[in-house]
Amino acid sequence: MPIQRSVAMTDMDKNYDHRKHEREIYEKWEPYFTPSFAKASEGKPYTILMPPPNANASLHAGHAMYTIDDIVIRWKRMQGFSSVWIPGIDHAGFETQFVYEKELAKKGKSRFDFDRQTFYENVYKFVEKNSGLIYEQFKQLGFSADWDRSVFTLDKNVISQVFETFSRLEREGKVYRDEYIVNYCTHCGTSLAELEVEHEERNDPLYYMKYGPFVLATVRPETKFGDTAVAINPKDTRYQKYVGQVIEVEGLIGKFRVKVIADDAVEQKFGTGVVKVTPAHDPNDFEMGKRHGLEIKQVIGLDGKLNDKTGPYRGLKVNEARKRVVEDLYKAGLIDRVDETYKHSVGVCYRCKRTVEPMVVPNWFIKVDELKGPVIEAVKNDRVKFYPKRFKKQMLNWLEIMHDWPISRQIAWGIRIPVWYEVTDQANLYAVWLDKNGQKQEGLVYKYKDRLAEIEAGLQKVTAVTGPSGPKYKVSANKPGDNYLPETDTFDTWFSSGQWPLVTLKKDEFDTRFPTDMMGTLADILKFWVSRMIMFSLYLKNEVPFKDVYLWSMVADTKGVKMSKSKGNVVNPIDLVNKYGADALRVALVYGVAPGSKIPLSEEKVRGMRNFANKIWNIARFVESANHSSQTANPVEDDNWIMDELNKLIKSVTVSLEKYRFNDAAESMYEFVWHKFADVYIEKVKGRKEGASPTLRHVLITCLKLLHPFMPFVTEAIWWEIKDLRKYPDEMLITTAWPE
RNA sequence: GGAGCCAUGGCUCAGUUGGUAGAGCGUCUCUUUUACACAGAGAAGGUCACAGGUUCGAGUCCUGUUGGCUCCACCA
């Protein structure tokens, strides 16, 4: 039995130990991640842009799904494309500032202790400390991105692109500034786009309040001080006679008068069919106010406390104020009855989970009507294709209802909106700043005209009146003159990351690499990000940013439950890599997972895939040992069978990858390698008198190539071990050609 | 309220144009055989949620019911 004895002739370990190989292999690979080094640089360009992870983030299970991108880029590289995967980091304004402020809070400080410039620089330092770490983790997963090309969304070229885009939008009348009712998080101190608001089912008492001649239902009695009308449905015969009248209402701080209006927005069936209208603190009322020219009377400040228009309730936070107001209403006999069973949904901040306060705040908006048309067109015509298909419908659904985009964020960590307000003698500009002694000051800017330099140096926030009486402003990256103060709002993060395809590619690459080929990302950010990238690309380049979008869902735990810290079911992918190897984790993320569905990640599954890696290793050990023993050059009957199967496999894996059916590819390789090649063919070879034929090593070598995009480390490790079996012993697997 | 998706062996899930049910993990039996016990050989286990319909034939298409998920809209 020559084959058996010859086992000693290979020095391969009995089991594959990823710890011995992964680091060394990765270092040897790195030069090939950039197309200029690869021998394929003359091939057709193939480009993937990495969805930039947040600057504050360390690697979580979701990032491990970038494995998809890596599989594709490795496969294309082997196919001879000039392949590049461009990575980057997103400053993630709101997210990162939130995390940083939590750190600050531990030291007993808050953002209000700093001027915005200093605060910004502090966050920058904080982020710099973390950056690099996530790339190291990506490397542990084997990702073959061109790290030298990394782009950060606060890099100079990104900021200037963002400025340029904004200026152009402004010049073309697609930007406007308006008082608008936005969802405002008083805790985080910023307005939120609708997408950033989550809805929670709540049980709140519905108070039936006596209100002049009416009884009306409300869950927010504390906003009573901001009421500027009472509304009924125009068809409601019960109250017809009141319409147009001014009624007197007994309030808690004296009587006040409001007009009775008729509006279709009022449901006759809800409550008593009468509703109080508070344009400053309710989105529907705001709209109603616009239709009827009602006064916007703000009674809650941006700090979440009732203001001086509320008499004794001034300074109370909303919840506290509600309690007190209800008590006092009872005392005054103004509560008719209470429905304690009332359920409704309440908007909460996606970040801190506190109730958002609808608030009227000056905001910058992008008009999307004209911008979204071409996007809809492009999606409908499959100029951007979605995998799986159902996301096309979701995208179109969203685009249809997409409306003007509020891009102002009242946070410092981000790209400042490049606008400067002219300081005149008008009372239209209000500022908050730290004076030279570090003391907080605030007031109308015209009163401090002689101290502009000091204000600007210690500036925290500028608020400008909107409309015709507001200050003149100039859009400019740099200060346009002495009498100007900068806008302090920053852009919504998605405004800059939405231009990702435009800032990651070099100027001369737009001819060859644009549109890019594939965008692989989490389905959750389809609306936030993918839609905006398509929109900006079409607007600025008249071209879609990528041809294909492949979407996946969240990585979940064993039970299919979303991972979260509070549930304690978070799995750290790096732990799994350390324990079972990067290859095992990578295959576990695609094996048995349908496109677009959520990905249940269990340690058992990763272990199973580690076993598969070991199986491949041992197949190689066998082939290696067989090579040193007797063999025959003559094909044997079994060879035809395995060659047929192998050719079928090559075709099916290639086709599966073309269709982004990663599961199909992984499963068919697993099935072939383990249950056909090992269990059947190799067992037969063992029993042969003539020994092994060259087919044995041919099948192994082909399998290694097919498996490489999925399991790059173990395949490359074997590749180095079996040098004597190959035609070109010095060649690395990463640069070999894809089998055909 | 609108849209989409899902319900398949103990668990987690595959199943691309309709043609007699699959995987991984788990379970049971045997085997420490010499590539691998991170293994091999074998076994048990599913009327593919329910009710109709189309078809020669349906897990796969259509309708309805029940249960679950996601997105969107939203009544104070």
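Here the structure is a predicted model, which means the values were calculated and not measured. Every chain is numbered from 1, with letters handed out A, B, ... down the list of sequences.
- In this model, the phosphate group of B:C74 is not approached by any side-chain N or O of A:H199 to a distance below 4.0 Å at OP1 or OP2.
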Any chance you could encode RNA chain B as dot-bracket? Rule is Watson-Crick or G-U wobble with both distances under 3.5 Å; [ ] for pairs crossing earlier ones, | for another strand.
-> (((((((..((((........)))).(((((.......))))).....(((((.......))))))))))))....
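- Among the heavy atoms of the strands lying under 4.0 Å from A:K14 are primed sugar atoms or P, OP1, OP2 only; no base atom is included.
- Among residues two or more places apart in sequence or in another chain, the ring pair (Phe, Tyr, Trp, His ring centres under 6.0 Å) test is passed with A:Y16 by A:H21, A:W617.
- Evaluation of the side-chain contact (heavy atoms from CB on, under 4.5 Å) rule for A:K353 yields A:E198 as partners, not counting sequence neighbours.
- Residue contacts for A:A217: at a heavy-atom cut-off of 4.0 Å it reaches a base atom on one of the strands shown.
- A:D404 pairs by the side chain to side chain donor-acceptor pair (under 3.5 Å) definition with A:Y176, not counting sequence neighbours.
- Annotation: proximity of residues 218-225 of chain A to RNA chain B (heavy atom, distance under 4.0 Å) is found for A:T218, A:V219, numbered in ascending order.
- For A:D664, the side chain to side chain donor-acceptor pair (under 3.5 Å) criterion is met by A:R661, not counting sequence neighbours.
- With RNA chain B read from its 5' end, the first of the two nearest nucleotides for A:N397 and A:I619 is the one closest to A:N397.
- For A:T228, the side-chain contact (heavy atoms from CB on, under 4.5 Å) partners two or more places apart in sequence, or in a different chain, are A:P279, A:L294, A:E295, A:K297.
- For A:F286, the ring pair (Phe, Tyr, Trp, His ring centres under 6.0 Å) partners at least two apart in sequence or on another chain are A:Y180.
- Two residues, A:L206 and A:D557, neighbour RNA chain B, and the one matched to the more 5' nucleotide by heavy-atom proximity is A:D557.
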Tell me, for nucleotides 20-25 of chain B in 5' to 3' order, what letter each nucleotide earns: B for a base near a protein heavy atom under 4.0 Å, S for only sugar-phosphate near one, - for neither?
-> ---SSS
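- For residues 204-233 of chain A, every residue pair satisfying the ring pair (Phe, Tyr, Trp, His ring centres under 6.0 Å) rule, not counting sequence neighbours, is listed here: A:F214-A:Y239, A:F214-A:Y242, A:F225-A:Y313.
- Using a 4.0 Å heavy-atom criterion, one finds that A:I401 contacts the sugar-phosphate atoms exclusively.
- Taking only side-chain nitrogens and oxygens, A:K686 comes nearer than 4.0 Å to OP1 or OP2 of B:A35.
- With sequence neighbours excluded, the residues forming a ring pair (Phe, Tyr, Trp, His ring centres under 6.0 Å) with A:H344 are A:Y342, listed by chain and number.
- Judged as a side-chain contact (heavy atoms from CB on, under 4.5 Å), and not counting sequence neighbours, the contacts of A:K210 are A:V215, A:L334, A:D336.
- Side-chain contact between A:L589 and A:W552: absent, with no pair of heavy atoms (C-beta onward) separated by less than 4.5 Å.
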